Amino acid sequence: MFRAAKTFLATLFLVALSISAYCQTPQFPIVKGFGGIYEIPEATERPDPKAEYKIIIDLVSAADDPKQINRMVDNIARMVNLHGIAGVPKENIKVKVAVHGGAIFSMLNDEEYQKRNGVKNPNLPVFEALKEAGVEFYVCGQSLIARNMKTTDMWEGTEIALSMLTTLTTYVPQGYMLMRF
């Protein structure tokens with residue numbers, strides 16, 4: 001009986017120890033406060049800390065709930081932070097975001113967002129943190145017109161592009177990898 005209890009306690013201790021190894025606090029190495037990620041010390045496939053990463057994101061997805069941060073916007077922060085946790089310096093991560101379709105509603109300034117959704121835009125703090133990390137935003141002018149929106153309805157940190165299509169065809173030939181969120 002004593003031996004069974006001793007074995008049980010030893011097993012319980014080892015299980016608790018292994019669980020605590022995987023319980024981590026989210027980290028925010030580049031985009032402060034958003035896109036929390038975790039270090040995976042066992043990972044053998046990792047970004048090269050010496051490489052330059054040029055990424056253009058085709059952001060088309062709208063928020064599931066306009067009172068919450070668009071999870072695709074947070075995913076941009078996660079992507080930047082994942083490169084950062086692997087040791088890629090901020091200056092080696094060049095990210096541009098071409099916003100169109102339903103995602104343009106995530107880019108509204110607080111006043112316009114409040115009119116449409118009854119709350120301030122929860123995405124703006126994420127956009128501010130991303131901009132601080134060097135991310136650039138381009139809103140598709142064609143999407144604005146199709147939705148009867150004005151450039152003044154948009155968050156001030158964005159640039160207005162002729163279109164998402166021309167933004168992609170400008171940067172992809174310059175070596176930017178295309179990702180769609």
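Index from 1, following the sequence. Side-chain atoms are counted along with the backbone in the values below, which use heavy atoms only and exclude waters and symmetry mates. The shown structure was predicted, so the numbers you read here are calculated from the model rather than taken from an experiment.
Note on Met72: it clusters hydrophobically with Val31, by side-chain heavy-atom contacts below 4.5 Å among ILVMFWY residues. Phe137 is not connected to Met164 by any chain of hydrophobic side-chain contacts under 4.5 Å among Ile, Leu, Val, Met, Phe, Trp and Tyr, and they are in different clusters. Transitive grouping of hydrophobic side chains (ILVMFWY, heavy atoms separated by less than 4.5 Å) keeps Val73 and Tyr138 in distinct clusters.
To the nearest 0.5 Å, the span separating CE on Met154 from CZ on Phe105 amounts to 8.0 Å. To the nearest 0.5 angstrom, Ile57 atom CD1 is 11.0 Å from Leu168 atom CG. Taking CD1 from Ile104 and CE from Met107, the interatomic distance works out to 10.0 Å, rounded to the nearest 0.5 Å. In this structure, CG on Leu59 lies 6.5 Å from OG on Ser106, to the nearest 0.5 angstrom. Lys94 NZ to Lys54 NZ: the interatomic distance, rounded to the nearest 0.5 Å, is 9.0 Å. The CG atom of Leu108 sits 7.5 Å away from the CG atom of Asn117 when rounded to the nearest 0.5 Å.
Side chain to side chain, Ser163 and Thr166 meet the donor-acceptor criterion of an N or O pair below 3.5 Å. Side-chain atoms of Arg78 and Asn81 form no donor-acceptor pair, as typed in the model, at a separation below 3.5 Å. Residues Tyr113 and Glu111 bring no donor and acceptor atom of their side chains to less than 3.5 Å of each other.
Under the 3.5 Å distance criterion, the side-chain polar atoms of Gln142 are matched with a main-chain donor or acceptor of Leu162. Judged purely by atom type and a 3.5 angstrom limit, Ser143 uses its side chain to pair as donor or acceptor with the backbone of Gly101. Although no hydrogens or angles enter the test, the distance criterion places a donor-acceptor pair under 3.5 Å between the side chain of Asn123 and the main chain of Asn70. Put simply, the side chain of Asp110 never gets that close to the backbone of Lys120: no donor and acceptor are under 3.5 Å apart.
Side-chain contact check for Asn109 versus Glu112: some heavy-atom pair is nearer than 4.5 Å.
Taking every heavy atom of both residues into account, Gly102 and Ala62 meet most closely at O-CB, 3.5 Å. For Pro49 against Ala86, the heavy-atom pair with the smallest separation is CG-O, 3.5 Å. Looking at every heavy atom in both residues, Gly36 comes nearest to Pro26 through CA-CB, 4.0 Å.
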Counting only pairs under 3.5 Å, give me each side-chain donor-acceptor contact of residues 171-181, with atom names and distances, residues two or more places apart or in other chains.
unit_1 : atom_1 : unit_2 : atom_2 : d
Gln174 : NE2    : Thr170 : O      : 3.2
Arg180 : NE     : Asp58  : OD2    : 3.4

Only distances under 3.5 Å count here; give the side-chain donor-acceptor pairs of residues 124-135 to other protein atoms, sequence neighbours excluded, each with its distance to 0.1 Å.
unit_1 : atom_1 : unit_2 : atom_2 : d
Glu128 : OE2    : Trp155 : NE1    : 2.9
Lys131 : NZ     : Gly157 : O      : 2.8

Test log, rule side-chain contact (heavy atoms from CB on, under 4.5 Å), inputs Met79 and Val95: CA-CA 10 Å; Met79 185 205 56; Val95 178; 3.9 Å; yes
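When hydrophobic side chains of Ile, Leu, Val, Met, Phe, Trp and Tyr are connected at separations under 4.5 Å, Ile37 ends up clustered with Leu82, Ile85.
Atom CZ of Arg116 sits in a crowded spot, with more than 12 heavy atoms from other residues, nucleotides or ligands closer than 6.0 Å.
The side-chain hydrogen bond (donor to acceptor under 3.5 Å, both in side chains) analysis of residues 30-41, with sequence neighbours excluded, yields the pairs Glu39-Arg46.
Here the rule is side-chain contact (heavy atoms from CB on, under 4.5 Å) with His83, and of Val88, Asn92, Ile30 only Val88 fits it.
Under the side chain to side chain contact (heavy atoms under 4.5 Å, CB included) criterion, Ala51 pairs with Asp48, Tyr53, not counting sequence neighbours. Qualifying salt bridge (charged side-chain N to carboxylate O under 4.0 Å, His left out) partners for Arg147, counting only residues two or more places apart in sequence or in other chains: none.
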